[in-house]
Structures are given as structure tokens and as C-alpha cells.
Amino acid sequence: MSIRAGVDTGGTFTDLVLYDESSGEIRMSKVSSTPGEPSRAVFDSFAKAGLSTSDISYFVHGTTVATNALIERRGANVALLTTDGFRDILRIQRVTRPNHFDLHWVKPRHFVPRAHCVGVRERVLRDGSVLIPLDEPALRAEIEHLRDGGDIDAIGVSYLFSFVNPDHELRTRELIAELWPEAHVSLSHEVLPRWREYERTSTTVLDAYLKPLMGSYMSRLEKECDERGIDQLLILRSNGGVMTPAKAKEQPVALVRSGPSGGIMASASLGRRLALGDLIACDMGGTSFEACLLPGSEPAFTNLEELEYGVPIALTMVDARAIGAGGGSLAWVDPAGILKVGPRSAGADPGPACYGRGGTQATVTDANVVLGRLAPEFLLAGDLELGIDAAQAAIDELAGVLGLSRDRVAQGIVDVANSNMAQALRLVSTDRGYDPRGSTLVAYGGAGPLHACELARALQMKQVVVPLYPGAFSAFGALLADTRFDYTQTRWMRMSRLDVEAARDVFAALEQRAADDFRAEGFSEAPQLVRSIDMRYVGQNWELNVAMPGGELTADDFAAATELFEAEHERFYGYSIPGEELEMLTFNVAAVGTRHTVELPRLERGGRPEPVARRPVTFGVEDGPVETAVYRRDDFGAGAEVAGPAVIGQVDATTLLPPGASARVDDYGNLVIAI
């Protein structure tokens, strides 16, 4: 058999999507995540689907293991080797702060104690020339001191201007291998060969921090896949592409947004297939909520991601904003008596109170159960019965603290969660100069379709699309992912002193690296290459990314790039300065190789199905409960239409149609909702 599998491991559930190449059939399963042993849930999902793993020819794994390790700070003990005089770079960080008027704000603690930050006597200048040679005797002594201390697992090496001349970093790795071969090492010129020493150092340290943990996880996963007869294992990375486990071990920081990128790639594919134009993708799972803008149904990317304020991860990754707002987000009352929701979550264990696994605190899911929005006719993940009494008890406890009725508190929890999520949607749209009103909201995740219509109304959006398997959409995106690598190299160049030949050489070097890496990944054909340059006006502190054409570049191409930059500057900042001097800082190449395609089966035509039940659902406390039809989504055929109010249930998610909304089913089984 030729079956391809995509798995997304979330904080609460692990999702599996199977695609049978011979029949075109798509199946899914959903199981509770096992945070202490993530791979167990992966293979539990195969067992639940009734599939022998020996039938799987291709397996793509999207994982949150790296993200959770950083958030929970349970990675390796790391030391930092940096240029003498810069050992405090992680302490100093940047001068910015999230709130200029908050006198109590404290900079986040970075991942390396000061005692483990070591200044190394060496200095390379910005042109790559060596001012101070590497002091090898002193470096040997420092390596031995760190080794003999007994509490260091990994070393990040980040010297000034190593991205121009990496000789000192390469020699440092040789010395570490000689004196301490079991140490894990990350070199900044390999992790992030671009300027801004703090961002480069931070990203390198985080890479080293993850290396022992992710190396062990990848090795266990590889071994188990091999024992179970799975032919090919690939890992979904933060830029929406896939890579081999060997590559993931080399650069584990590239997996920080592994999980969310699957849903974004699937949203892009859906938008192109249905010609939806501009999209905003929103993924509400059990633990978090992610939002991403897709102009023209193409994903946006960023290298300005931060783990938390002031702790950057400057690799290229899908530009998704994440907040702690999921079905399992806990509701609580602050000292001022104000209702809050998140960011803490009940997670997979114990989960919301209604799961019956020992949870007692009220969550967003419990609030939806109390309001009747989650129908007990549908078992969560196919086998989990929602406990209404337990949900009511959890809400009642909070209601006692607030002095309000049960329904009022439940509605308040949903409203606060919706407000938080709507703000995340604005961060990726209006805050970046895009008007969301003409965009389509693609809602997925186990809880996304339950809140989608209310979020669309908050942003005055007119259309929502809920995919066929919304709760497993990120796992489906893993199946669609191509192999993608992003290459970057800083090279300063002013437009008035343009050296076209030098620019060609930089791109040629990056493209040669791409060709080498894709051969190592098993590709016989050359990858598709997309060029861009980070530009700014001279004197600015931040750059904008400008697309560049393929082929042999000419001066005219750079003149066109100037016009593109000014148009983007106008959109992003609201003004431009035609004729002002420009400088180019960083050259970028994205290389993409297509592995597989998935042909979606068309749904058979069908009329409007009959409701399986009717129940009171509260859409607003002031209006009281509304008698609402409950439908089973599996009963819908292509062309079926239903008007709100309605609850549409399926094994992996529930879609809520409030009064005034209507839905139709397209040829591929997607729900297209008009607000």
C-alpha cells in the first residue's frame, strides 16, 4: 500500500491525517497528547485509525516539542563563547521595552547564566579581516574549565562578524571536538549568517539549548519508525517546509514553529484552490491560538520572531502571532476582581473540567458546554463524552467569586477569549497596513470553527471557510509541505555605489548551498529559487524585504527594486522618500522542492440534511437561549445549505452558526459561511 501520513502534535491533542495514493481516500484520527512522551501519542493515533504502520510509505511530523521546551525552559545547560568584551550581550539585550511607562517591568531572563558566558580573545572586522587572531591556548583552558564544571551540555559560539569570516568559529568547534567530543555545539555563522549580533547570538544559544533534547527525540522517533516499517520520516519546520531528521538534529531551532506552519501551508493551498484571494488563517486548539495573514493566499514570513519579549529567534518562519487562548485556557479572577482568560491552560492532563479527568478549573471549553454550544451528541475526538455537570460546577465556582449567574460568567469567558483572539487577528492585519474586511477567515483547530463567526464579525469580515477536517488541518498541511530551505547572507551595499557583480556572487553562493543541500536531501532536480534583499533608507534601523527576479541581475533590476521598496515603505509606514539613499543589507534565497501532491476527493452532491437534535443555545445572555438545530457534518453533501442558528458537529471539531449566518458546502466538503 502507498499511504502518506501527516501528524501534528499539539499541547492537548495529537492529530493524524492519512492519504491513500491509490484510492485518493483521506482519513483522520485524534488522540490525547502525551506531553511526557510525545512520540507515544503519535503511534496511538496510528492505532486508533486502525492502520498498520508498515503500510505507511511517507510520514511527516509537525511537532511542538521544541516550542514547549523553550516555553517551559527544560532544555540543555548552555555555555556561550563570544568575542572578548561581549560576554554580557544576552544581559544587555535591546533598549526597547514593551511598555515605556511600566516602571516595574523586568527584562526576561535569558537561557545562559552570566557565569557560563565566556569572552574569547579574537576579533574579526566587518570586512572579514582579522584584527586579533584567535587565542587558542586561552580558549583551550576555557573549554576545559567548562567541561570540568560538569553541568554544561551544549555550547553556543557567536563571534563578531563570523558571518563574513567564519574561520574562528570553525576552529573553535575543532578544539571543542578535540577536548570535549560529547558536547553539542552550535555556530552562529551556520545558524544565522546575518548581522545584528544580539539576534544572531540569541538564536544560536536557543539552537544549542534544544540540541540534546531534540537530538534524542529525533533519534527515538527514527528508531521507532524504522522498527515499525515506516519507509520515510520527515519533520515539518518553521518555514512550512520539511527536512530530514538528520537536518533537524543539526538545527533544532528551525522547529520552533513546526506545528502552526502545517495549518498555514494548508490554508494557502485551500485559498489557491478556491481562489479566495486574501486570507487570515486562525488556529484555535486546546492550548493556544495562532493567526497568520496570507495576502493573495500566499503565507507571510518573518525573521523578527520572539520567544518572549526581548528573546528573538531570527530565523525565517511563518509569520504567525500566537497567544494563550485555546479551548483549555483557564478562566480566573485577578486581584481587582476582573475576569481573565489564559494564558495558562489545562492542557491534555487534566484538561477542562468537562473531560472528566480531574480538572476542576473553568476553561473556555467548559463555558461553551454550559452555553450549549458544544453538543453532547458528538463525542470529542470520537470517544470522549463531555461532562455537563462538571462544566457547570467549574463555572459555578467562578460565578461565586464574581457574584454573577452561571450563564453570565460562561458568556463572559467566551467574550474575553474572543476579544483576545480578535486582537491577535488585528496584529497580523490592520497593524500591518492590511484591511481585513475583504479577506476570508480560514478557521481550524479543534475550537476554531466554534468561535470563527464571532471573530469574523469583530473584524467586519464577510466570509469564513471551515475545512473538511478542521481539527486535523495542521496535520493535513504537513502532507502538503514541500522541502524548503532559507539561506541568508549579510552584505552591505549602497545603491549609489552598486556593485552588480558582487551582488550576483552573493546570490550565486547562496544558490550553490541550496543545490548542495537538496542533493543531500535526495532531490535529483534543482529546487525552485526565490530571491529577495532586505533594504532600508540610510540611517534607518530596520529593513523591508524586497523581491528580486531570477536569472542574471542587471542594474535595471536594482532600479525596479528601489521602486518596490518605496511602495512597500509607503504601505507599511504610511510614507516614502523618493530619491533618498538606499542601502542593501541582507541577501536571501528561498529554495523549494516539491515532494508530493494531494488530490482532494470531490464530495457527492446532497441536499440539506435533517437535524439530529434540537437544543437551547445561548448566543448572548441578554437574548437568552435560542432553540437551535444540531447537524452531523458527515450528513452534508456538496451543495447542501444551512442557515443559522445551527450547531454542526463532527469528530474533530464543532462549527457554530449564530443567527444571521448561513453556510453552504462546496465540492470538496468545505463549509463556506456567509456572515
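Both backbone and side-chain heavy atoms feed into the values below; hydrogens, waters and symmetry mates do not. The residues of the chain are indexed from 1 along the displayed sequence. Bear in mind that the values here come from a model prediction, so they are computed numbers and not experimental data.
Side-chain contact check for E580 and H569: no donor-acceptor pair (N or O, by modelled atom type) lies under 3.5 Å. Between the side chains of T554 and D556, no donor N or O sits under 3.5 Å from an acceptor N or O. Checking T82 against S158 by side-chain atom types alone, no donor-acceptor pair falls below 3.5 Å. Under 3.5 Å, the side chains of N303 and T316 contain no donor-acceptor pair of N or O atoms. Between the side chains of S439 and Y434, no donor N or O sits under 3.5 Å from an acceptor N or O. With hydrogens and angles left out, the side-chain atoms of E169 and S162 include a donor and acceptor closer than 3.5 Å.
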Could you check V256 against L206 for side chain to side chain contact (heavy atoms under 4.5 Å, CB included), going step by step and ending with a plain yes or no?
CA-CA 10 Å; V256 169; L206 296 179; over 6 Å; no
Take V130 and N165 through the side chain to side chain contact (heavy atoms under 4.5 Å, CB included) test and state the conclusion after the steps.
CA-CA 9 Å; V130 176; N165 179 354; 3.9 Å; yes
Where do R173 and E190 land on the salt bridge (Lys or Arg N to Asp or Glu O under 4.0 Å) test, with the steps shown first?
CA-CA 12 Å; R173 179 162 58 191; E190 293 178 344; 2.8 Å; yes
Is there a side chain to side chain donor-acceptor pair (under 3.5 Å) between T64 and T9 once you walk through the steps?
CA-CA 6 Å; T64 57; T9 303; over 6 Å; no
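In this structure, R531 forms a cation-pi arrangement with F507, its terminal cationic atom sitting closer than 6.0 Å to the ring centre and no more than 45° off the ring axis. W542 carries R196 over the face of its six-membered ring, with the cationic atom under 6.0 Å from the centre and within 45° of the normal. Relative to the six-membered ring of F111, R73 meets both conditions, a distance below 6.0 Å and an angle of at most 45° to the axis. Judged by a 6.0 Å distance limit and a 45° cone about the ring axis, R200 is not positioned over the six-membered ring of F86.
In this structure, the separation between CZ on R194 and CG on D534 is 5.0 Å, given to the nearest 0.5 Å. The CD atom of E142 lies 12.5 Å from the CG atom of L175; values are rounded to the nearest 0.5 Å. Between the OH atom in Y198 and the NE2 atom in H110 there is a gap of 4.0 Å [rounded to 0.5 Å]. Here the straight-line distance linking atom OG1 of T488 with atom CG of L510 works out to 7.0 Å at 0.5 Å rounding. Here CG of L192 is found 12.0 Å from OG of S186. Values are rounded to the nearest 0.5 Å. The distance from the CZ atom of F289 to the CZ atom of R321 is 13.0 Å, given to the nearest 0.5 Å.
Screening L425, T430, D431 against L427 for a side chain to side chain contact (heavy atoms under 4.5 Å, CB included) leaves a single residue, D431.
Note: F473 and F476 have parallel aromatic rings, judged against thresholds of 30 and 60 degrees for the angle between ring planes.
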